[in-house]
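Notes follow the structure.
Numbers here are sequence positions counted from 1.
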Amino acid sequence: MSVATPEMIGFPAKEPPRMFTTRPEIIGTFGAVASTHWLASQVGMAVLERGGNAFDAAVAAGFTLQIVEPHLNGPGGDCPIILHSARTGRQEVICGQGPAPSGLTVGYLRDHLGLDLVPGTGLLATPVPGAFDAWMVMLRDHGSWTVRDVLAYAIGYARHGAPMVPRIRATIESVRPLFEAEWKTSAALWLRDGGPEPNGVYANPTLADTYERVVREAEAAGGDRVRQIEAARTAWYRGFVAEAIARFAATTEAMDTSGRRHRGVLNGGDLARWSATVEAPLTLDYRGHTVLKCGPWSQGPAMLQTLALMAGFDVDAMDPVGAEFIHHVVEAQKLAFADREAFYGDPDFVDVPMRTLLSKAYNDARRALIGPEASMDFRPGSPDGRAPRTDYAAAIRRAQELAAAAGSGEPTVSRLGAAGGDTCHVDVIDAAGNMVSATPSAGWLQSSPAIPELGFCLGSRCQMFWLDETLPNGLQPGKRPRTTLSPSMVLRDGKPWMSFGTPGGEQQDQWQPIMLLRMIHHGMNIQQAIDLPSFHSEHWISSFWPRGAKPGKVVIEGRYAPEVLQELNARGHLAEMGGEWSEGRLTGVRREADGTIRAGANPRGMQGYAVGR
């Protein structure tokens, strides 16, 4: 039986279709928080209730996510943020994606160490950890609370324990042999007393000590709130935290996905020289909506390119859970993600032809490549006459020959038993109309050995670089790896409307446009668009070690009608049916013209939640 109902097609413009949802769309006027974990959502709401604004709430929720979802993010990870300030009336991107260390060069990895890919785990793949500074910059520029205020919740959970969802235990079990044999500091932290029990309470007192020391050093600086925030940033990037990170990287040989042990190259100078930057978001106008994404140092523009291609199709007439909708979205994404691979990179180092890639003329021409049958080809364009350089054949070969090693990539793509999860996400709106979309990730417990003095490990985002300096996403010191982290914001008729996002690595900018298209074209509210079954493709070159590709592969959620799978395969897709609740961990909050605030969150994994009043 098809999931679609008659009410879902030909809906009234302002009335959502009638359909079952797993929980209500939250409606209120005071504020709302939606995140990938119920505790982070409730922490954010507690901040709003105590007089904090959306920025204070997002920061407190973000640090809480490090404690309650340690298999999906950590203090040593990254965090891009898109925000709207009601005070200034402007939207900003805060780039919490740290760059490659000064000693991480193609010559060192390829010529000296004999590697052909950056490892997916361990210490060589570590960039400058960016999450802490991104949160602090937002708190300084837009928040109203102190460092102590926003860290108090995370410190409490780290000190006294937080409930560990079953997927945390599954992740730890998948890398237990690695921890016991090689990463002894991680074993000491995560296998203590047998490790976390599913749904049991587990503490990280060392991390609590780290954050309490940051608070003490911030307050010892005296002065106002801003001065204390600057002191906290100093403690992290030039003080005791930086010293412990640099010492551990220089003295620890860690086994990684290359099958060999390597020291890290991140040093104190790398940490001291970097700070999170503030920049303007990229935008695309789509059917009365302006969609905002991070720049081409992320994969975010691929979502904009997907929408630009879909703008030429009659999406209104497509069944939102039918094969025609899936086919057109997947074929558009194949073209967008091919351009991502060929042209995206850190714009501080690369001239990315973004204006052309988002232009109507370019997308009109590219849209002509989408026909009724699935394409098995990898087809980047030639914006401004530029010739793309990719090696799709090698990616196919790697996917066939290499099996993912323990902890590599986003947990989404782990093949060693880590159940489900991926990254984290949090969305917030307050009564004043401030809005935040943030996607913290990396530094997950299985990415590299834990630093014993700090209680956390470093990330492995540099695995996304190619060992060829001439490529747009080729490794260079000081360059940002092209991250998959991709928060979203939408304006409606020029006014801030919705903040949303999802974990999921490569899937982030697949699931998000699906949700948005269903809302714009099929009249769905947030919760309806999230609950409907979704899908993803693995056609293009993965951003994660071992950088493979699976031409034509499409996975649709198990709640689709069997005839949908049949039609997709008849069109030439290599489609397969996944689990019934397996695609997406989306959350979203929005503010309507009448002043009401709406929110929804993903039921998959049974931990995401939206709260508000």
Side-chain angles (χ1 to χ4, degrees), residues 66 73-79 95-110 112-113 115 117-134 182-183 185-186 207 210 214 233-258 260-277 297 346 348-349 407-408 440-465 467 474-483 545:
Q66 297 173 2
N73 81 135
D78 320 311
C79 184
C95 178
Q97 177 54 65
S102 56
L104 194 67
T105 66
V106 170
Y108 179 69
L109 294 182
R110 187 185 61 198
H112 180 67
L113 296 180
L115 299 174
L117 292 172
V118 181
T121 58
L123 295 172
L124 275 180
T126 296
V128 175
F132 186 86
D133 209 50
E182 296 284 347
W183 295 4
T185 56
S186 293
L207 180 55
T210 296
V214 168
R233 297 175 71 202
T234 297
W236 198 268
Y237 290 95
R238 298 174 182 82
F240 80 97
V241 175
E243 292 169 0
I245 289 173
R247 181 169 56 249
F248 187 78
T251 60
T252 303
E253 289 192 338
M255 179 65 70
D256 57 43
T257 57
S258 70
R260 294 155 51 192
R261 300 179 185 89
H262 296 106
R263 288 188 173 90
V265 297
L266 181 67
N267 62 45
D270 298 319
L271 292 154
R273 284 189 295 269
W274 182 82
S275 61
T277 53
W297 48 267
D346 184 345
D348 291 342
F349 288 74
S408 67
S441 184
W444 45 74
L445 62 86
Q446 65 274 31
S447 62
S448 65
I451 303 171
E453 304 100 307
L454 300 178
F456 65 83
C457 64
L458 297 170
S460 55
R461 189 70 60 183
C462 288
Q463 67 182 283
M464 296 180 170
F465 283 121
L467 293 185
L475 172 62
Q476 294 184 57
K479 186 177 182 179
R480 291 172 284 187
R482 190 200 66 216
T483 182
W545 187 95

What is the minimum heavy-atom distance between Ala442 and Gly459, and which atoms define it?
CB-CA, 4.4 Å

Nearest heavy-atom pair of Gly98 and Pro127: which atoms, and what distance?
O-CB, 3.6 Å

To the nearest 0.5 angstrom, please state how far the CG atom of Leu475 sits from the CD atom of Gln463.
13.0 Å

How far does CD of Gln476 sit from CZ of Phe465, to the nearest 0.5 angstrom?
8.5 Å

Would you say the side chain of Arg480 lies within less than 4.5 Å of the side chain of Thr277, judging by non-hydrogen atoms?
yes

How far does CG of Leu104 sit from CG of Leu467, to the nearest 0.5 angstrom?
8.5 Å

To the nearest 0.5 Å, what is the distance between CZ (Arg482) and CG (Asp346)?
12.0 Å

Residues at least two apart in sequence or cross-chain that pass side-chain contact (heavy atoms from CB on, under 4.5 Å) with Thr185, listed by chain then number, are Phe248, Pro449, Ala450, Pro452

Quiz question: by atom type and distance under 3.5 Å, do the side chains of Asp270 and Ser102 form a donor-acceptor pair?
yes

Heavy atoms only: give me the nearest Arg461-Ser441 pair and the separation to one decimal.
NH2-OG, 3.5 Å

Do Pro119 and Arg260 have side-chain heavy atoms sitting under 4.5 Å apart?
no

Is a side-chain donor or acceptor of Arg233 paired with a backbone partner of Ser275 at a separation under 3.5 angstrom?
no

Kindly indicate whether the side chain of Trp236, heavy atoms from C-beta on, has any atom under 4.5 Å from the side chain of Asp133.
no

Classify the ring geometry of Tyr237 against Trp274: parallel below 30°, tilted from 30° to 60°, perpendicular beyond 60°.
tilted

Residues Gly96 and Ala134: closest non-hydrogen pair is CA-CB, 3.6 Å

Sequence-distant partners of Ser258, side chain to side chain donor-acceptor pair (under 3.5 Å), two or more places apart
Asp256

Quick one, Thr126 and Ile245 - any side-chain contact, counting heavy atoms below 4.5 Å?
no

Is there a donor-acceptor pair closer than 3.5 Å between any side-chain N or O of Ser460 and the backbone N or O of Gly122?
no

Atom pair CG/CZ of Leu123 and Arg261 - distance to nearest 0.5 Å
13.0 Å

Write down the atom of Phe456, the atom of Leu207, and the distance for their closest heavy-atom approach.
CD2-CD1, 3.9 Å

Are the side chains of Leu454 and Val241 in touch, meaning some heavy atoms are under 4.5 Å apart?
yes

Which atom names give the shortest non-hydrogen contact between Ala244 and Ile451, and what distance separates them?
O-CG2, 4.1 Å

Close side-chain approach of Thr105 and Pro477, heavy atoms under 4.5 Å
yes

Interatomic distance, Ser448 atom OG to Trp183 atom CH2 [nearest 0.5 angstrom]
6.0 Å

